[in-house]
Chemist: 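Structure provided below as structure tokens; questions to follow.
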There are 2 protein chains.
Amino acid sequence: MAGSTSTRAQIVDAANRLFYEHGFEHTSFAAIAEAVGISRGNFYHHFKTKDEILIGVIEARLHSTRAMLAEWERDEPGPAERVRRFVEIVITNGADIENYGCPVGTLTNELAKLDHPARSQAVAVFELFRTWLREQFEALGFTVEADDLAMHVLAFSQGIATLSNAFHDGEFVQREVDRLHGWLDERLADHASPRSRR
Amino acid sequence: MAGSTSTRAQIVDAANRLFYEHGFEHTSFAAIAEAVGISRGNFYHHFKTKDEILIGVIEARLHSTRAMLAEWERDEPGPAERVRRFVEIVITNGADIENYGCPVGTLTNELAKLDHPARSQAVAVFELFRTWLREQFEALGFTVEADDLAMHVLAFSQGIATLSNAFHDGEFVQREVDRLHGWLDERLADHASPRSRR
DNA sequence: GTCTATAATCAGATAGAC
DNA sequence: GTCTATCTGATTATAGAC
């Protein structure tokens, strides 16, 4: 059982990486099998179809995302610091994002174009971030605006990721991250003594 | 010759649409041939390889983008209005973007993941927008900041497109577009009487 | 649980008739 | 310039031995 789980986990792990780097459709069973070091035949003992691997990969991403958000909550003292931690992802994962874009955004779009049934599950990873960010803004005292602010931070990050992938420009990423931090400063200041909404 | 050119144009047109809606790799010759109403064999009289069609599609996009930007320059009196016209694309093409994302961003990312030689040509479409936006900001009196502002507008739009595709939320798109217009207002006001940089 | 061998399908690409 | 017929290779998926 332990060996079986391990092989399954290795397959999901390799598929996760390959789906990210080369796309879901372009990644063949042979490539995953080679990465894990097993035969193609053995493969089907663990997953009957390619779609099943995709489901497994998305579930693994949901799991690791939840773990990461929980870690941020432990590490960072307050909600503002947690949002800033999120904003920094595009720098923390800068090299991967330059090469392959955001794993969430790019998979979601690929599945949308394939009209794939797992699309909604890929969107669920986005929803994890969205809800978590909304909760941070709520903890900062925002009520009706919290989801709007969460979506803005999410959208901003996606835009940075897409252009980082297109232009491979680390300075651009840093500038935009600084800009987003500045925007956050203003929202927090506005909320402390509100004058106008943006 | 007229018939030949027409068939070639029809192939590029159909491929352009299908590459956008279903992705480059997922689109088969059979699908393009069916869309145009010709046989697969005839296909190869016009394009020897699938990559050649991709080049043709990207060239068509470069051409139509240049035409669109030129049209905006004719239609809109000043550079500020032109930038706003760009910002509005995510609403003008709202339905397509909800379903398939931004054609430029999604193709660029797909080609990056495929490590495809035509990637740089896909990025050239981005560069067209970037340069054009930069020129508008330069016309508005910005000098060293012009490219930074252009990239910000571009990134913002990409972020909106990605989340529009993920969440299918038209109200979110409108809110973010309003926010970007607001940001532009501030930049223009700041530039007229500068106090701080953002 | 893992392997080799192989079936079934579909893709891109070619040859040659009209 | 367009067609039908076909080739070649890759991919998903299965069968069955160890």
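Computed from a predicted structure; not experimentally measured.
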Chemist: Could you identify which residues of residues 109-120 of chain A place a heavy atom less than 4.0 Å from some atom of DNA chain D, listed by residue number, or say none?
Modeler: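 Correct list: empty, so none.
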
Chemist: Between D:dT12 atom C1' and A:Leu54 atom CG, what is the distance in whole Å?
Modeler: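 One finds 15 Å between C1' of D:dT12 and CG of A:Leu54, rounded.
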
Chemist: Answer with yes or no after comparing the ring centroid distance for A:Trp72 and A:Trp132 against a 6.0 Å cut-off, counting only values under it.
Modeler: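 Yes, the ring of A:Trp72 comes within the 6.0 Å limit of the ring of A:Trp132, centre to centre.
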
Chemist: Between A:Lys113 and A:Glu110, is a salt bridge (charged side-chain N to carboxylate O under 4.0 Å, His left out) present by the stated rule, with each step listed?
Modeler: CA-CA 5 Å; A:Lys113 294 198 191 227; A:Glu110 182 180 2; over 6 Å; no

Chemist: In whole angstrom, give the distance that lies between atom CD1 of A:Ile32 and atom P of D:dT11.
Modeler: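 The distance from CD1 of A:Ile32 to P of D:dT11 comes to 11 Å, rounded to the nearest Å.
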
Chemist: Any side-chain heavy atom of A:Phe126 sitting closer than 4.5 Å to one from A:Leu154?
Modeler: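 Sidechains of A:Leu154 and A:Phe126: in contact.
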
Chemist: Could you report the tightest heavy-atom contact between B:Arg187 and B:Phe142, atom names first, then the distance?
Modeler: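 Nearest pair, atom of B:Arg187 first, then B:Phe142: O-CZ, 3.7 Å.
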
Chemist: Would you kindly give the CZ-to-P distance between B:Phe47 and C:dA11, to the nearest whole Å?
Modeler: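 Checked: the CZ to P distance equals 20 Å.
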
Chemist: Would you say B:His45 reaches D:dC3's phosphate, i.e. side-chain N/O to OP1/OP2 under 4.0 Å?
Modeler: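 No, because none of the side-chain N or O atoms of B:His45 sits under 4.0 Å from OP1 or OP2 of D:dC3.
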
Chemist: Can you find a side-chain donor-acceptor pair between A:His46 and A:Glu52 that sits under 3.5 Å?
Modeler: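 A:His46 vs A:Glu52: no donor-acceptor pair found between side chains.
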
Chemist: I need a per-nucleotide contact map over nucleotides 12-18 of chain C, read 5' to 3'. Cutoff is protein heavy atoms under 4.0 Å; write B for the base, S for backbone only, - otherwise.
Modeler: SBB----

Chemist: Quick check with a 6.0 Å cut-off and a 45 degree axis cone: is A:Arg61 positioned over the face of A:Phe19's six-membered ring?
Modeler: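 No cation-pi geometry.
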
Chemist: Only counting residues at least two apart or in another chain, list the ones meeting side chain to side chain donor-acceptor pair (under 3.5 Å) with B:Asp185.
Modeler: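 Result, side chain to side chain donor-acceptor pair (under 3.5 Å) vs B:Asp185: B:Arg84.
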
Chemist: Check whether any side-chain heavy atom of B:Glu59 sits under 4.5 Å from a side-chain heavy atom of B:His63, and report yes or no.
Modeler: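 A side-chain contact is absent here, since even the closest heavy-atom pair is not under 4.5 Å.
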
